[in-house]
2 protein chains.
Amino acid sequence: MATPHALDRTLTALADPTRRAILQRLSAGEARVTDLAKPFDMSLNAVSKHIRVLERARLVERRRVGRDHFLSYRPEPLDAAAKWIAETRTFWAVRLDTLERLLREEDTAKK
Amino acid sequence: MATPHALDRTLTALADPTRRAILQRLSAGEARVTDLAKPFDMSLNAVSKHIRVLERARLVERRRVGRDHFLSYRPEPLDAAAKWIAETRTFWAVRLDTLERLLREEDTAKK
DNA sequence: AATATATTAAACCTATTGGTTGAATATAAG
DNA sequence: CTTATATTCAACCAATAGGTTTAATATATT
């Protein structure tokens, strides 16, 4: 991707199970890097990298307090993702609705 | 990912702009590989590969008619993705709703 | 001041991604 | 039968992803 756009970064961030788990954990409240890393069977550094991916996607925000970094959840980027999916998901439903309406109107006109 | 699960495959497939464009195109009706490739500034083979990613994610289905392969859109996998996002997106909203309801009930009880 | 804790930075490794080109396969059309 | 079209397969390549390990940095604790 030449200039990865917001939606690309959002969906890329969500496409990894570790990052989704981190996000869900954070959606319940902020946590430090060490706390987030605890449940995972990988190095702290690996989790630190995942967090950076989530940050780049603006799904996570960092607040430094002394040596601790508190991460918090920013849901906003999910809206664009949900919007894209909803639009694409319901395309045929919408078209069928429209078709049905048109047929109904045609019916009505005939009478 | 050891055994990439459905949601991983879905979100990975969606994380690429070319694939999202292909999917949206297909959501308007089926098309052949060549038709799909036309608008893109990349080789037919590259598009063919993108289609395979969408197929692996079950977002696209293939129907062979002679030498032509007709691809069609399968929206089902989007449901799980939308569900995940909706759950994660609305976590706090739900909690706040619950809190508000509890406070209201407590209020009512007082009277 | 010395040590322990929280975190990132940097270098490295391997596997995957997203693209290419060239050949193979299958079907259609002249 | 020969040629053109639609598509995949295979080999290759550079860039990225996801992990590791070993420093480096900053702040706390004793």
Open item on the list: How many whole angstroms separate atom CZ of Arg62(A) from atom C1' of dA6(C)?
Closed with: 11 Å

Task: Nucleotide nearest Arg52(B) (side chain, heavy atoms from C-beta), chosen from dT8(C), dA6(C), dC9(D) - done: dC9(D)

Open item on the list: Tell me the interatomic distance from Asp35(A), atom CG, to dT5(C), atom P, rounded to whole angstroms.
Closed with: 15 Å

Open item on the list: Counting distance alone, no hydrogens or angles: does the base of dT5(C) have a donor or acceptor under 3.5 Å from a partner atom on the side chain of Asp68(A)?
Closed with: no

TODO: Hey, which sits more toward the 5' end of DNA chain C by its nearest nucleotide, Arg56(B) or Val47(B)?
DONE: Arg56(B)

Open item on the list: With a 4.0 Å limit, can you tell me whether Ser43(B) has a side-chain N or O closer than that to the phosphate oxygens OP1/OP2 of dG19(C)?
Closed with: no

Open item on the list: For Gly66(A) and Leu44(A), find the nucleotide of DNA chain D closest to each by heavy atoms; which residue's nucleotide sits nearer the 5' end?
Closed with: Leu44(A)

TODO: Return the value, rounded to whole Å, for the distance between atom CG of Asp8(B) and atom C1' of dT17(C).
DONE: 16 Å

Task: Asp16(A), nearest nucleotide to its side chain (from dG19(C), dG18(D), dT7(C)) - done: dG18(D)

TODO: Mind checking the CG-CG spacing from Leu71(A) to Asp35(A)? Nearest 0.5 Å is all I need.
DONE: 9.5 Å

- [ ] Take Arg20(A) and Asp8(B), measure what salt bridge (Lys or Arg N to Asp or Glu O under 4.0 Å) needs, and give me the verdict at the end.
- [x] CA-CA 10 Å; Arg20(A) 285 200 305 277; Asp8(B) 297 302; 3.0 Å; yes

Open item on the list: With a 4.0 Å limit, can you tell me whether Arg64(A) has a side-chain N or O closer than that to the phosphate oxygens OP1/OP2 of dT7(C)?
Closed with: no

Open item on the list: OP1 or OP2 of dT8(D) versus the side-chain N and O atoms of His69(B): is any pair under 4.0 Å?
Closed with: yes

What N/O pairs connect the protein and nucleotides 1-4 of chain D at under 3.5 Å? Give each pair on its own line.
none

TODO: Let me know which of Arg52(A), Arg19(A), Met42(A), Lys38(A) forms a side chain to side chain contact (heavy atoms under 4.5 Å, CB included) with Val47(A).
DONE: Met42(A)

Task: Nearest-angstrom distance from the residue atom CZ of Phe70(A) to P of dT8(C) - done: 13 Å

TODO: Answer whether the closest heavy-atom distance between the side chains of Arg9(B) and Arg58(B) falls below 4.5 Å.
DONE: no

Task: Whichever of Leu71(A) and Arg19(B) has its nearest DNA chain C nucleotide further upstream toward 5' - done: Leu71(A)

Open item on the list: Using the side-chain hydrogen bond (donor to acceptor under 3.5 Å, both in side chains) definition, which of the options Arg32(A), Arg62(A), Glu30(A) pairs with His69(A)?
Closed with: Arg62(A)

Task: Base dG22(C) paired with Asn45(B) side chain (donor-acceptor, <3.5 Å) - done: yes

Open item on the list: If you compare every side-chain N and O of Ser48(A) against the phosphate oxygens of dT8(C) (OP1, OP2), does one of them come in below 4.0 Å?
Closed with: yes

